[in-house]
Enquirer: 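Mind looking over this structure? Questions follow.
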There are 2 protein chains.
Amino acid sequence: MTGRQQLDDIDLRILSELQRDGRIRINELAARVGITAPPCLRRVRTLQRSGAIRAIRAALDERRLGYEVTTFVLIQLESQTLPVIEAFEAAIAAVPRFLQCWRISGDADFMLRCVAPDVEDMRQQLLQFAALPNVRKIRSFPVLGVSKDAPLPIPGHRPTPD
Amino acid sequence: MTGRQQLDDIDLRILSELQRDGRIRINELAARVGITAPPCLRRVRTLQRSGAIRAIRAALDERRLGYEVTTFVLIQLESQTLPVIEAFEAAIAAVPRFLQCWRISGDADFMLRCVAPDVEDMRQQLLQFAALPNVRKIRSFPVLGVSKDAPLPIPGHRPTPD
DNA sequence: TGTGAAAGAAAGTCCAT
DNA sequence: ATGGACTTTCTTTCACA
């Protein structure tokens, strides 16, 4: 929206650094990208306003917060008409433990990521959803572990090794 | 590992705030959770060292960086022996556009999230992988859009409305 | 857009509680 | 573990190239 549409080389480096460490000091960031702090601060703000930086947030350890179980869920609805889809999205929006939901194509209509304190709790969450109107099929994929979690590759910028 | 194992109420509020805004000032954060800056800073550091805060990073707009296409991929291997699994994980680790990979159970062995500049590029990435040894079956689910993306619910703490 | 300087604000340290 | 007072360091504004 607001701000530069074209990201220049310095912008890309700023994005790369902020993706690595979102709490980096403007000073340090400026030094790393080769400018001084004032224009660096302006660029960061522009990148935020323009939406290139969507958010800067802490990623928490879900287990430490009592969520021991994560499951991906594929959901197929009875129909793909707008009212049915919107009703489903509204139902999902109301359940705090369905953290993410993507509209997909392929062999299902939605992909969900769901967390729960334990397997029994997860089972009950999913049973409730299987009972929703217009839900034709649910397949769930319990997460055994994370094999990879990499940052978005920034064109022309290998992540700085700290 | 290091630090308090038990998160107290103030810790939970800190986590909640940092999940909302990872660049919040220590001062502001301290005021929100009802303590002064010095102990607040110590708590944040402890939470980071202990791993409760895994990272604080910028979430970038993938489209603005030239990745127009996202796909989830379910992969089933020929066998689930350790060498086969580890070889697959190593292959995934080497491909920058496979951002996330989860080891799962259910009807497949891995779930991947893959990004690409366009559909043709994505097609080629996936074709390469279908050709890998020990890959029995690939099902892909192109992402049409994000329906929901919510923070992890912190027990006893409704997210602060800014 | 960029820089340097200066005011203002925040982070980080120390110590008493 | 906390909070007050202090020192150091950073952020932010401004004038100007």
Side-chain angles (χ1 to χ4, degrees), chain A residues 1-61 64-66 154-157 160 162, chain B residues 1-61 64-66 154-157 160 162:
Chain A
M1 308 265 156
T2 310
R4 186 157 45 306
Q5 286 306 327
Q6 280 286 67
L7 302 175
D8 67 15
D9 190 68
I10 293 177
D11 288 322
L12 294 177
R13 285 157 86 167
I14 288 174
L15 293 177
S16 180
E17 292 297 330
L18 284 175
Q19 192 179 26
R20 195 183 51 82
D21 176 8
R23 264 188 100 82
I24 188 174
R25 309 282 200 177
I26 292 294
N27 248 343
E28 169 74 8
L29 179 58
R32 284 185 187 235
V33 307
I35 58 179
T36 52
C40 185
L41 179 63
R42 257 181 305 162
R43 279 170 181 267
V44 170
R45 296 211 169 133
T46 301
L47 289 167
Q48 286 176 315
R49 275 195 321 249
S50 74
I53 297 171
R54 295 202 328 199
I56 298 181
R57 303 201 222 91
L60 307 181
D61 184 327
R64 295 292 277 276
L65 286 156
I154 311 285
H157 295 275
T160 324
D162 294 299
Chain B
M1 301 288 145
T2 309
R4 190 158 40 307
Q5 284 307 328
Q6 279 288 66
L7 302 175
D8 67 15
D9 190 66
I10 293 178
D11 288 322
L12 294 178
R13 285 156 87 167
I14 288 174
L15 294 176
S16 180
E17 291 297 329
L18 283 175
Q19 193 179 24
R20 196 183 50 83
D21 176 8
R23 264 187 102 81
I24 188 174
R25 305 284 189 184
I26 292 297
N27 255 330
E28 169 73 8
L29 178 58
R32 284 184 186 235
V33 306
I35 57 178
T36 53
C40 184
L41 179 62
R42 255 183 301 129
R43 278 170 181 267
V44 171
R45 298 238 162 108
T46 301
L47 289 167
Q48 287 176 312
R49 277 194 320 250
S50 74
I53 298 172
R54 295 202 329 200
I56 299 181
R57 305 200 219 90
L60 307 181
D61 184 328
R64 296 291 279 275
L65 286 156
I154 310 286
H157 295 275
T160 323
D162 294 301

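Values reported hereafter were calculated over all heavy atoms of this structure, with side chains retained and with hydrogens, waters and symmetry mates removed. Chain A is the first sequence line, chain B the second, and so forth, proteins listed ahead of strands; every chain is numbered from 1.
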Enquirer: Could you give the CD-to-P distance, from B:Glu28 to C:dA9, as a whole number of Å?
Expert: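 For the pair B:Glu28 CD and C:dA9 P, the rounded distance is 15 Å.
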Enquirer: Provide, to the nearest angstrom, the distance between the CD1 atom belonging to A:Ile26 and the C1' atom belonging to D:dT13.
Expert: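 One finds 14 Å between C1' of D:dT13 and CD1 of A:Ile26, rounded.
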Enquirer: Specify the separation, in whole Å, of atom CG of B:Leu41 and atom P of D:dT2.
Expert: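 Answer to the nearest Å: 12 Å.
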Enquirer: Could you tell me how far apart A:Arg23 (CZ) and C:dA11 (P) are, to the nearest whole angstrom?
Expert: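 After rounding, the gap between these two atoms is 7 Å.
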Enquirer: To the nearest 0.5 Å, what is the distance between CG (A:Leu29) and CD1 (A:Ile24)?
Expert: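 These two atoms lie 5.0 Å from each other.
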Enquirer: About how many Å separate OG1 of A:Thr36 and CG of A:Asn27, when rounded to the nearest 0.5 Å?
Expert: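 Result: 10.0 Å between the selected atoms.
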Enquirer: Taking atom C1' of C:dT13 as reference, at what distance in whole Å does atom CZ of B:Arg45 sit?
Expert: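 Distance, rounded to whole Å: 11 Å.
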Enquirer: Do the side-chain N or O atoms of A:Arg25 get closer than 4.0 angstrom to the phosphate oxygens (OP1, OP2) of C:dA10?
Expert: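 For C:dA10, neither OP1 nor OP2 has a side-chain N or O of A:Arg25 closer than 4.0 Å.
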Enquirer: Using five base pairs at each end, measure the axis-to-axis angle across the helix from C:dT1-D:dA17 to C:dT17-D:dA1 and round it to 10 degrees.
Expert: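 Inter-axis angle at the ends, rounded: 30°.
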Enquirer: Under the criterion side chain to side chain contact (heavy atoms under 4.5 Å, CB included), which of A:Gln19, A:Arg25, A:Arg23 is the partner of A:Asp21?
Expert: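 For A:Asp21, the side chain to side chain contact (heavy atoms under 4.5 Å, CB included) check succeeds only for A:Arg23.
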Enquirer: Below 4.5 Å, heavy atoms only, C-beta onward: do A:Leu12 and B:Leu65 meet side chain to side chain?
Expert: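 Sidechains of B:Leu65 and A:Leu12: in contact.
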Enquirer: Would you mind telling me which of A:Val33, A:Leu7, A:Asp8 makes a side chain to side chain contact (heavy atoms under 4.5 Å, CB included) with A:Arg43?
Expert: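 Option passing the side chain to side chain contact (heavy atoms under 4.5 Å, CB included) with A:Arg43: A:Asp8.
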Enquirer: Mind calculating the distance between CG (B:Leu47) and C1' (D:dA1) to the nearest angstrom?
Expert: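 In whole Å, D:dA1 C1' and B:Leu47 CG are 14 Å from each other.
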Enquirer: I'd like to check the side-chain hydrogen bond (donor to acceptor under 3.5 Å, both in side chains) partners of A:Gln48; sequence neighbours left out, ordered by chain and number.
Expert: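 By the side-chain hydrogen bond (donor to acceptor under 3.5 Å, both in side chains) rule, A:Gln48 matches no residue at all.
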Enquirer: Any donor and acceptor pair, going by atom type alone, linking the side chain of A:Arg64 with main-chain N or O of B:Ser50 inside 3.5 Å?
Expert: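 Yes, A:Arg64 side chain to B:Ser50 backbone: donor-acceptor pair under 3.5 Å.
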Enquirer: Assess whether a salt bridge exists between A:Glu17 and A:Arg13, defined as any Lys/Arg side-chain N lying under 4.0 Å from an Asp/Glu carboxylate O.
Expert: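 A salt bridge is absent here (no side-chain N lies under 4.0 Å from a carboxylate O).
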Enquirer: Can you tell me if the side-chain N/O atoms of A:Arg43 get under 4.0 Å from OP1 or OP2 in C:dT1?
Expert: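 Checking A:Arg43 against C:dT1: no side-chain N or O falls below 4.0 Å of OP1 or OP2.
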Enquirer: Which pairs, protein N/O on one side and nucleotides 3-5 of chain D N/O on the other, fall under 3.5 Å?
Expert:
| from | atom 1 | to | atom 2 | distance (Å) |
| --- | --- | --- | --- | --- |
| D:dG3 | OP2 | B:Thr36 | N | 3.0 |
| D:dG3 | OP2 | B:Thr36 | OG1 | 3.2 |

Enquirer: Could you state the atom-to-atom distance from CD of A:Gln6 to P of C:dT1 in whole Å?
Expert: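 Rounded to the whole Å, the gap is 12 Å.
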Enquirer: So what does B:Asn27 touch, heavy atoms closer than 4.0 Å: a base, only the sugar-phosphate, or nothing?
Expert: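 Sugar-phosphate: the residue B:Asn27, judged by heavy atoms under 4.0 Å, touches backbone atoms but no base.
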Enquirer: Looking only at non-hydrogen atoms, find the nearest pair between A:Arg20 and B:Arg57 and report the distance.
Expert: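 For A:Arg20 versus B:Arg57, the nearest heavy atoms are O-CG, 4.2 Å.
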Enquirer: Describe the nucleic acid contact of A:Leu29 in one word from base, sugar-phosphate, nothing, applying a heavy-atom distance below 4.0 Å.
Expert: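 Nothing, no nucleic acid heavy atom in range.
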Enquirer: I need the CD-P distance between B:Gln48 and C:dG12, as an integer number of Å.
Expert: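 Rounded to the whole Å, the gap is 10 Å.
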